[in-house]
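Read the structure below first, then the notes.
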Amino acid sequence: NYRPPFDATAVKKLKESGAIIVGKTNLDEFGMGSTTEGSAYQVTANPWNLECVPGGSSGGSAAAVSARQCVVSLGSDTGGSVRQPASFCGVVGLKPTYGRVSRYGLVAYASSLDVIGCFGSSVADAGLLLQAICGHDKLDATSSKREVNDFTSQFISKDYFESQPLKGLRVGVISETLGDGVDQEVISSIRGAISHLEELGCTVSLPSFSLGLPAYYVLASSESSSNLSRYDGVRYGNQIASDELSSLYGGSRANGFGPEVKRRILMGTYALSAGYYDAYYKRAQQVRTVVKKSFKAALDSHDILISPAAPSAAYKIGEKKNDPLAMYAGDIMTVNVNLAGLPALVLPCGFVKDGTTSLPVGFQMIGAAFDEEKLLRVGHIFEQTLQGHSFIPPLIADEFKS
Amino acid sequence: MALTLFRGIQTRPLLPYSYAFSARKHVIFCSMQSTQAETSMKTKQQAPSNFTETARAKAVEKVLKDYEAIIGIETHVQLSTTTKAFCSCAYNYGSQPNSCICPVCMGLPGALPVLNSKVIKCAVMLGLALNCKLSMSSKFDRKQYFYPDLPKGYQISQFDIPIATDGFIDIDLPLEFGGGHRRFGITRVHMEEDAGKLLHTGSGSYSQVDLNRAGVPLLEIVSEPDMRTGIEAAEYAAELQRVVRYLGVSNGNMQEGSLRCDVNVSIRPIGQVEFGTKVEIKNLNSFSAMSRAIDFEIARQAELYNQGKDDEVVQETRLWEEGSQKTVTMRKKEGLADYRYFPEPDLPEVILTEEYVNDIRDSLPELPEMKRRRYEEMGLTMQDVLFLANDVNVAEFFDATIAKVSDIKLAANWIMGDIAAYMKNEKLTINEIKLSPQELSELIGSIKSGTISGKIGKEILLELMKKGGTVKGLIEEKDLVQIVDPAEIEKIIDKVIANNPKQLEQYRGGKTKLQGFFAGQVMKESKGKANPGILNKILLEKLNAKS
């Protein structure tokens with residue numbers, strides 16, 4: 001029942017630019033999860049198939065845009081929580097560079113990885129939303145002072161495209177992301193996307209890729225164990241009264257946190273404790289530096305890097321609920337981008353068949369730091385020229401028949 | 001005597017210290033009390049031989065024949081910046097609970113810290129003043145533990161790369177404890193934020209949290225374990241207080257909590273290399289409490305060791321109880337707490353440039369140690385030096401006075417005597433009395449030049465302190481110019497002698513003491529303006545002349 005007494009800077013900026021806030025959406029508690037099954041309220045259903053998850057943690061925001069309940073929505077992306085649901089729900093998900101959008105007012109999960117991201121049903125919409133919320137904020141010491149360009153002027157109608165609008169674009173495909181553990185149909189959708197791109201770059205190998213996932217979970221859990229210490233029931237939230245201080249804390253927190261959150265707090269506390277800090281947290285930071293460097297090297301010789309947004313399409317509700325590690329494994333496409341602090345854009349490019357239904361597949365484009373402009377330009381052109389696919393969920397398709 | 005006085009005239013009178021003083025050496029204090037009102041500037045130097053008077057002092061002296069005490073001090077200084085360390089809340093001591101708070105210092109979800117740059121400036125100033133090496137690149141870390149007065153569940157502090165390390169501080173021990181110079185090492189200085197306050201209800205059924213103080217910037221100063229006695233420790237703390245006040249980074253009030261000291265005490269047999277078990281003492285609210293607590297603890301530990309109860313000296317935190325004048329167990333330290341330090345991700349690194357540091361170094365005021373050495377070189381006694389340099393405002397007053405006048409001893413005496421006494425009686429600081437340094441130097445000049453007598457000077461001083469005004473103005477207004485013309489004085493003497501034939505006869509008959517009577521009459525007749533020297537010379541001639 002906590003009601004914040006202040007607006008997040010991103011929300012404040014939206015209000016100032018005339019946005020109409022329609023409501024708040026569902027998510028995995030504290031941003032921890034990939035399906036909204038970790039919500040303190042209910043599970044959100046995927047508009048493409050109500051038995052499937054919408055993705056997470058910002059599953060509610062993705063589903064709302066997908067079902068056209070709103071035009072655009074905000075989410076948070078710490079390890080893929082905007083991009084993966086965007087892929088599962090067939091909408092555009094934009095993760096800005098770390099520091100591009102102020103984190104003031106974003107309930108902190110992992111301070112060095114969190115960003116606020118944008119959902120839209122088109123690249124232009126997501127880009128417009130980003131334009132409204134980005135910029136330096138004196139209330140966030142990690143927000144970038146870098147100038148914000150006008151992203152939106154490049155969202156021109158396809159009628160005005162040149163004949164080969166992406167000529168000269170150097171594209172790198174992260175080869176490990178099209179191999180083991182990835183759905184066949186996902187791979188073919190991505191290959192389709194790749195060939196759609198006018199100019200192909202050579203394939204790129206990023207050998208450090210697989211270490212990113214464990215490093216992410218060590219770092220994110222550690223930071224979250226610290227960021228969630230403030231939820232003690234003393235000043236806000238539900239207090240479980242007790243005669244003894246440690247029971248007050250223990251009871252309030254045990255009662256207030258869901259199982260996934262507790263799991264991560266425990267992992268993070270362990271990784272930071274005396275005797276383990278060097279082996280886990282410090283080591284993970286070192287891996288992070290390696291990941292950053294490899295991306296930088298790859299992005300020096302390529303304009304963008306490509307990969308799937310997730311190794312599969314949306315799975316059934318309940319399927320991975322009791323197997324947290326399997327759920328974590330699904331983050332493999334997205335976490336490295338957070339570790340490196342880079343911007344990424346996910347947009348729908350194909351489908352997988354799931355019995356009689358089709359589930360959307362999104363591909364991810366990763367850009368150099370603060371190069372959202374390029375990502376949006378490429379994404380816009382890709383989207384506008386993509387033939388043969390329409391990404392409107394059957395559930396609401398009737399309303400779109402003109 | 002001077003020392004008792006100066007403790008009393010600091011900007012926030014260290015009342016507890018003076019009372020403690022009286023408890024230890026009440027004989028001396030009482031005798032000083034009565035002489036305080038006097039304006040005599042007689043000798044003030046004495047290392048009281050009744051230092052060993054109290055039982056405790058005796059006990060400690062005995063102990064220190066066999067044992068060496070190892071004392072280290074951790075000091076927290078609350079910075080008097082306009083706003084808190086990480087948000088723009090103002091902090092005012094004594095405000096209504098939870099009236100100086102905002103989402104950031106309350107630790108509300110989504111709030112983020114932003115560093116107040118003044119905090120860095122203060123840290124660099126103090127680091128330089130304590131002769132430390134500065135870390136040109138340092139960072140903040142999260143120190144994690146759960147307590148209701150810590151809203152975020154962690155304190156933003158500095159762990160492995162503090163902003164300043166490896167310094168030292170020079171102190172002069174008070175004269176009544178033998179005086180002497182000491183240098184104590186400073187291990188580190190780092191920046192951190194304060195926690196809130198818990199208020200416990202009388203019934204004990206609940207406690208309340210006041211977050212006004214949460215987020216106030218602190219500098220933590222850790223000393224090397226170089227102190228060996230309670231006196232050394234107390235003087236170390238007093239010097240830190242002087243330094244932070246001189247720098248203007250803090251008001252350094254122990255009573256308000258803007259200067260807090262925790263002491264670590266252990267003892268070991270003289271000659272032993274290994275340290276003994278260390279005990280921490282908290283809840284020290286004055287320098288004298290520090291000194292007494294340390295003495296108590298030294299004696300307590302020694303007694304246990306002497307009785308062979310070595311294992312009863314445990315590593316723990318003890319509280320000083322002012323009422324019963326002893327330390328009591330607060331909690332046993334179960335090894336070191338694990339604070340799970342990691343670098344604060346919400347704040348960027350703190351980078352200092354050479355230019356920035358040099359600018360600050362160039363703008364530092366003259367520090368107490370420098371002042372004391374300068375005063376010593378000017379020829380003042382240690383007594384004078386310690387008094388004048390103790391309070392930065394008094395030192396500035398003195399410096400301003402002697403800028404114009406060459407008799408520094410006279411200036412020092414006036415300040416330490418009459419002026420200090422007046423300030424104590426009226427409970428005023430030197431900046432609050434109406435006398436200005438310019439007028440004091442004017443006064444001294446007038447006395448030296450013979451314009452007015454010393455006695456008249458004293459009267460004028462009182463008037464100047466009370467009501468202000470100028471020396472020249474008062475001299476004119478009250479017609480106080482000294483009569484130095486021998487002829488004029490002679491006239492008055494003649495008159496007085498003529499009017500008192502009986503006493504003249506008695507004088508010439510052998511009662512030479514009556515000279516005083518005649519002198520008094522002449523003074524009275526001249527309204528106090530006759531120059532005493534000339535007066536007595538001529539008077540004596542006249543009285544001794546053959547009729």
Side-chain angles (χ1 to χ4, degrees), chain A residues 2 4-11 30 98-99 102-114 137-143 219 222-223 225-237 241 243 245-246 248-250 253 268-277 280-282 285, chain B residues 85-88 98 101-117 139-156 159-160 196 198 200 204-211 214 335-350:
Chain A
Y2 171 77
F6 65 99
D7 275 344
T9 299
V11 172
F30 289 106
Y98 181 86
S102 167
R103 284 187 302 120
Y104 186 77
L106 172 67
V107 175
Y109 159 16
S111 314
S112 70
L113 300 163
D114 292 342
D137 182 13
K138 67 175 174 34
L139 296 174
D140 176 356
T142 61
S143 79
L219 292 173
S222 301
E223 292 186 16
S225 75
S226 176
N227 285 327
L228 269 59
S229 293
R230 66 192 64 195
Y231 302 103
D232 51 20
V234 172
R235 285 146 295 127
Y236 41 80
D243 284 339
L245 196 59
S246 54
L248 180 110
Y249 275 79
R253 285 165 71 79
T269 307
Y270 180 86
L272 287 176
S273 48
Y276 296 106
Y277 175 85
Y280 292 107
Y281 189 84
K282 196 164 164 208
Q285 286 285 43
Chain B
F86 300 112
C87 63
S88 47
N98 293 315
I101 56 177
C102 75
V104 177
C105 51
M106 274 192 83
L108 292 189
L112 294 172
V114 179
L115 181 63
N116 175 348
S117 57
K139 62 175 168 68
F140 286 99
D141 299 287
R142 292 189 185 178
K143 178 178 182 177
Q144 313 199 68
Y145 63 95
F146 289 97
Y147 206 62
D149 66 1
L150 196 65
K152 297 188 290 293
Y154 58 86
Q155 176 196 34
I156 300 179
F159 177 54
D160 53 338
L198 288 187
H200 304 288
S205 61
Y206 64 90
S207 296
Q208 294 168 306
V209 184
D210 173 13
L211 292 177
L336 290 163
D338 180 7
Y339 291 114
R340 300 193 301 285
Y341 286 100
F342 75 101
E344 171 60 78
D346 289 330
L347 293 171
E349 268 192 317
V350 177

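Fair warning: this is a prediction, and the values are worked out from it, not measured in the lab.
Taken from CG in Leu219(A) to OG in Ser112(A), the straight-line distance is 6.5 Å, to the nearest 0.5 Å.
The main-chain N or O of Ala274(A) is found under 3.5 Å from a side-chain atom of Asp338(B) such that the two form a donor-acceptor pair.
Within the 4.5 angstrom heavy-atom criterion, atoms from both the backbone and the side chain of Val107(A) approach chain B. For a residue to count as touching a neighbouring chain, one of its non-hydrogen atoms must lie under 4.5 Å from one of that chain's; by this rule Tyr236(A) touches chain B with the side chain only. Residue Asp243(A) does not touch chain B at all, counting heavy-atom pairs closer than 4.5 Å. Proximity to chain B is absent for every atom of Ser102(A), based on heavy atoms less than 4.5 angstrom apart. Only the backbone of Lys138(A) comes within less than 4.5 Å of a heavy atom in chain B; its side chain stays farther off. Proximity to chain A involves both the backbone and the side chain of Phe146(B), based on heavy atoms less than 4.5 angstrom apart. For Pro4(A), no part sits under 4.5 Å from any heavy atom of chain B, backbone or side chain. Contacts between Tyr206(B) and chain A at a heavy-atom distance below 4.5 Å are absent for every atom of the residue. For a residue to count as touching a neighbouring chain, one of its non-hydrogen atoms must lie under 4.5 Å from one of that chain's; by this rule Ala8(A) does not touch chain B. With a 4.5 angstrom heavy-atom cutoff, Leu106(A) touches chain B only via backbone atoms. Only the side chain of Leu211(B) comes within less than 4.5 Å of a heavy atom of chain A; its backbone N, CA, C and O stay farther away. In this structure, chain B has heavy atoms under 4.5 Å from both the backbone and the side chain of Glu223(A).
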- Item | Evaluation steps, side-chain contact (heavy atoms from CB on, under 4.5 Å), between Arg103(A) and Ser111(A) | CA-CA 9 Å; Arg103(A) 284 187 302 120; Ser111(A) 314; 3.8 Å; yes
- Message: Please evaluate residues Thr269(A) and Gln144(B) with respect to the criterion side-chain contact (heavy atoms from CB on, under 4.5 Å), reporting the C-alpha separation (whole Å), side-chain torsions for both, the decisive distance (0.1 Å), and the verdict.
- Response: CA-CA 10 Å; Thr269(A) 307; Gln144(B) 313 199 68; over 6 Å; no
- Arg230(A)/Tyr154(B) under side chain to side chain donor-acceptor pair (under 3.5 Å): CA gap, chis, key distance, verdict: CA-CA 8 Å; Arg230(A) 66 192 64 195; Tyr154(B) 58 86; 3.2 Å; yes
- Query: Taking it one step at a time, do Tyr277(A) and Lys282(A) satisfy side-chain contact (heavy atoms from CB on, under 4.5 Å)?
  - Reply: CA-CA 6 Å; Tyr277(A) 175 85; Lys282(A) 196 164 164 208; 4.2 Å; yes
- Message: Apply ring pair (Phe, Tyr, Trp, His ring centres under 6.0 Å) to residues Phe159(B) and Tyr339(B) and explain how you reach the verdict.
- Response: CA-CA 10 Å; Phe159(B) 177 54; Tyr339(B) 291 114; 9.0 Å; no
- Hey, mind stepping through Arg142(B) and Ser229(A) against side-chain contact (heavy atoms from CB on, under 4.5 Å) and telling me if it holds? CA-CA 12 Å; Arg142(B) 292 189 185 178; Ser229(A) 293; over 6 Å; no
- Message: For Lys143(B) and Asp141(B): C-alpha separation, side-chain torsions, deciding distance, then whether salt bridge (charged side-chain N to carboxylate O under 4.0 Å, His left out) applies.
- Response: CA-CA 6 Å; Lys143(B) 178 178 182 177; Asp141(B) 299 287; over 6 Å; no
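In this structure, Tyr98(A) and Thr142(A) have side chains that are in contact, with non-hydrogen atoms separated by less than 4.5 Å.
Each of Pro343(B), Gly153(B), Cys87(B), Pro148(B) has some count of heavy-atom pairs under 4.5 Å with chain A, and the biggest count is that of Pro148(B). Contact count versus chain A (heavy atoms, under 4.5 Å) is highest, among Val104(B), Leu108(B), Leu150(B), Val209(B), for Leu108(B). For the set Tyr281(A), Tyr276(A), Tyr249(A), the entry with the most heavy-atom pairs within less than 4.5 Å of chain B is Tyr249(A). By number of non-hydrogen pairs under 4.5 angstrom with chain B, the leading residue of Leu139(A), Asp114(A), Leu228(A) is Leu139(A). For the options Ala141(A), Ser226(A), Ser273(A), heavy-atom pairs under 4.5 Å to chain B are most numerous at Ser226(A).
Aromatic ring centroids of Tyr2(A) and Tyr231(A) lie 6.0 Å or more apart.
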